[in-house]
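Presented below is the structure to which this report refers.
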Amino acid sequence: MKKIKLIALPLVAALCLGGAACTKNGADQAPEITGVVDRMCAVGAVCDLIDGVAALDREDGDITPSMEITVDGETVGFYATFNEEKDYEVKYKVADSKGHITETTATVSAIARDEYKKFDLVDFGGFEVKTSGAAILSSQSVIGDGAASLYTFKVSNAAADTDAVFTRTYKLKSGTDYTVKYYVKSNVAGTAKAKINDGEPVDLEVIEGDNVFTLTYSVPEGEAEETDVKIDILFGGLGANIEWTFDKAVAEHVTEEITLVKGTNVHDRFDGTSGEVTVAEDGKSATLKINSASTERWRGGMFINTGLALSAGTKYTVSYDLTAEKTGFGVALENKQWEAKRYGYASIENEGDFHQENEITPDENGGLWLYVESGDSVNEITISNLKVTGGSQSGTGTQTVSETFTCANTFKMFAANGAPNYVQWVDGKLIYEVEKFGDTDWHNKIEGPQFFVDTSGVEFMISFRAKATAPVLCTWVGPKSGGWDPNLIWQQFKLSETERVYTFKGNESDMSNHQFEWQFGFASNMKYENVKIEISDIVIYWQNGILDD
């Protein structure tokens, strides 16, 4: 690697020593360039050539902004991208008001690292706002996380329907009828339009306040189990300045009642008991006949697989008709056939014909099986008209499964004194506005998404752009598995009003998760108020290893 060299012109400037002024017949001092070091940068990454560099002149003061930087003789700005793996000569040159010139050189070694991941700062759950014409997507923000998240976007200068489009592609079951509902709060009233795939647009009446847009669509039969279905909400015609807050979209697929087929979704079990299971030709009923029983009534019975995929947190009603010769048995609602997690249980104390309903709310996604127990005596049990209703759509003879799509805040904000905890995404930048700073590191902290190092000995680099409206102190760390480790990346610096690129190098010794953290909770920052911090272009580069989400 090339040595750093310093050339000062004119030479007489070097004779002014010890901080004393030159004689009246001598020339004033040439400027001084400090902080120039050899650097390493990933091929294809933006390298901040001015990081830590300053040009100071005894007479003119700080003249860093007038510095000229060249790479292999070609003039560049303060940032440069190196597209070839090699050493580049970077020359720094500055002149003061008297024309005295100082030059120094350093080497940037561009190394071949693959780009592992470029982070989108907020995960909008596959939703996207597209603008055209004069319309501008002026901001996007997410409050909350997961199912509790609210996604707000603002569009200005819209004039026509197609100027602003809220779009998403869903994977829906082929050959299935769907009802899709969007829950949206609007600041304006009017008429928007909805378009599914290449179909004709339909009108959506929009009121000022809370709206529920309901769409229906029959997914065509296909070779694949799932089909891509694109839904566009065209809302640009609502006016020049539109603000929508999106809560959630719920896709409900509705089919006929469950058909029972022996050996397909109806299975028998006889363990210490004897009997048989039969299914009616129309598939509407199944009968469990017990010839000999056990004191452990669960040891024999009939499994029924509904084939449904239940969503966590959604209420479902499982209804069926029963005919039983005797009491003393039960019907269990479970997530699978063997070693199952139980959603609910109905202990049957009636004999004869009756209707049974059980409400369940799974705490995790899963299937739905029924197990009709044999009971503790000889019995004949017939279950018929099995239906499952769920979500907001219900009614006899229908089965509804609800799939809720939400956006997620992948960057969590921690703020002192109960300040708002939110992410705003404007022009490709993460915006964090801090009213007041706390004096503890986790006050006013941005905690970012994780990345996983899948093997030992991985060297990686992380870079991002950042700036702030005040010179706030920041500690950037890459905690390992949510904890602290001597080898983790740890860097403290002050953000400036001029956007800069920050690059850190790490070396992982084993498989582990890491995450991003920017910490601003310091006593030294408490003198600043209403500070806006911007972060963008977060990229991980790696070499000699495998990284994954």
Contacts of [X] that satisfy ring pair (Phe, Tyr, Trp, His ring centres under 6.0 Å) - sequence neighbours left out:
X: F213; result: W244
X: F153; result: Y151, F166, F235
X: F78; result: none

To check you understand the geometry: which heavy-atom pair defines the closest contact between [X] and [Y], and what is its length?
X: N83; Y: G44; result: OD1-CA, 4.0 Å
X: I535; Y: A466; result: CG1-CB, 4.3 Å
X: K336; Y: W369; result: CA-CD1, 3.2 Å
X: S138; Y: V155; result: OG-N, 4.2 Å
X: I533; Y: A468; result: CG1-CB, 4.0 Å
X: I207; Y: S186; result: O-CB, 3.8 Å

Is the side chain of [X] donor-acceptor paired with the backbone N or O of [Y] at a distance under 3.5 Å, no angle test?
X: D161; Y: L234; result: no
X: S285; Y: I383; result: no
X: N241; Y: G239; result: no
X: D48; Y: I50; result: yes
X: N197; Y: G199; result: no
X: S536; Y: G428; result: no
X: D114; Y: Y116; result: no
X: T440; Y: W442; result: no

Quick check: do [X] and [Y] have side-chain heavy atoms less than 4.5 Å from each other?
X: L260; Y: I304; answer: yes
X: Q515; Y: E517; answer: yes
X: F303; Y: N305; answer: no
X: H355; Y: S319; answer: yes
X: V43; Y: I111; answer: no
X: W425; Y: F124; answer: yes
X: V76; Y: L49; answer: yes
X: Y541; Y: F460; answer: no

*In chain order, what residues pass the side chain to side chain contact (heavy atoms under 4.5 Å, CB included) check against A470, with sequence neighbours excluded?*
V472, Y528, V531
*Apply side-chain contact (heavy atoms from CB on, under 4.5 Å) to Q519 and V477, showing your working.*
CA-CA 8 Å; Q519 299 175 357; V477 295; 3.8 Å; yes
*Any chance you could lay out the side-chain contact (heavy atoms from CB on, under 4.5 Å) test for V188 and V206, step after step, and finish with the verdict?*
CA-CA 8 Å; V188 292; V206 182; 5.9 Å; no
First locate atom [atom1] of [X], then atom [atom2] of [Y], and finally report the distance between them rounded to the nearest 0.5 Å.
X: E334; Y: L370; atom1: CD; atom2: CG; value: 9.0 Å
X: N525; Y: L473; atom1: CG; atom2: CG; value: 5.5 Å
X: W518; Y: E447; atom1: CH2; atom2: CD; value: 11.0 Å
X: T169; Y: K171; atom1: OG1; atom2: NZ; value: 9.0 Å
X: I258; Y: N385; atom1: CD1; atom2: CG; value: 11.5 Å
X: I360; Y: L333; atom1: CD1; atom2: CG; value: 5.5 Å

*Considering only NZ, NE, NH1 and NH2 on the basic side and carboxylate oxygens on the acidic side, decide whether D363 and K341 come within less than 4.0 Å.*
yes
*In plain terms, say whether K532 and E433 are close enough for a salt bridge, that is, a side-chain N and a carboxylate O under 4.0 Å apart.*
no
*asked:* The test is salt bridge (Lys or Arg N to Asp or Glu O under 4.0 Å); show your working for D537 and R465 and say whether it passes.
replied: CA-CA 6 Å; D537 297 317; R465 293 177 183 265; 3.0 Å; yes
*asked:* Give me each pair satisfying salt bridge (charged side-chain N to carboxylate O under 4.0 Å, His left out) with a member in residues 204-217, each pair once, sequence neighbours excluded.
replied: none
*asked:* More than 12 heavy atoms of other residues, nucleotides or ligands under 6.0 Å from CG of D427: yes or no?
replied: no
*Test salt bridge (Lys or Arg N to Asp or Glu O under 4.0 Å) on D203 and K193 and set out the steps.*
CA-CA 5 Å; D203 288 344; K193 294 186 182 299; 2.6 Å; yes
*asked:* side-chain contact (heavy atoms from CB on, under 4.5 Å), that's the test. Do V202 and I196 meet it? Break it down for me.
replied: CA-CA 9 Å; V202 296; I196 301 179; over 6 Å; no
*Excluding sequence neighbours, so at least two apart, what forms side-chain hydrogen bond (donor to acceptor under 3.5 Å, both in side chains) with D198?*
none
*Give the intermediate values and the outcome of salt bridge (Lys or Arg N to Asp or Glu O under 4.0 Å) for residues E128 and R168.*
CA-CA 6 Å; E128 183 181 5; R168 189 188 197 276; over 6 Å; no
_Taking the cut-offs as 6.0 angstrom to the six-membered ring centre and 45 degrees off its axis, would you call K117 and F119 a cation-pi pair?_
yes
*asked:* If you apply the rule side-chain contact (heavy atoms from CB on, under 4.5 Å), what do you find for T216 with Y178, and how did you get there?
replied: CA-CA 6 Å; T216 58; Y178 276 84; over 6 Å; no
*How about W476 and Y502: are their ring centroids closer than 6.0 Å?*
no
*Between F127 and F246, does the ring centre distance come in under 6.0 Å?*
yes
*On the 0 to 90° scale, with breaks at 30° and 60°, tag the Y182-Y170 ring pair as parallel, tilted or perpendicular.*
perpendicular
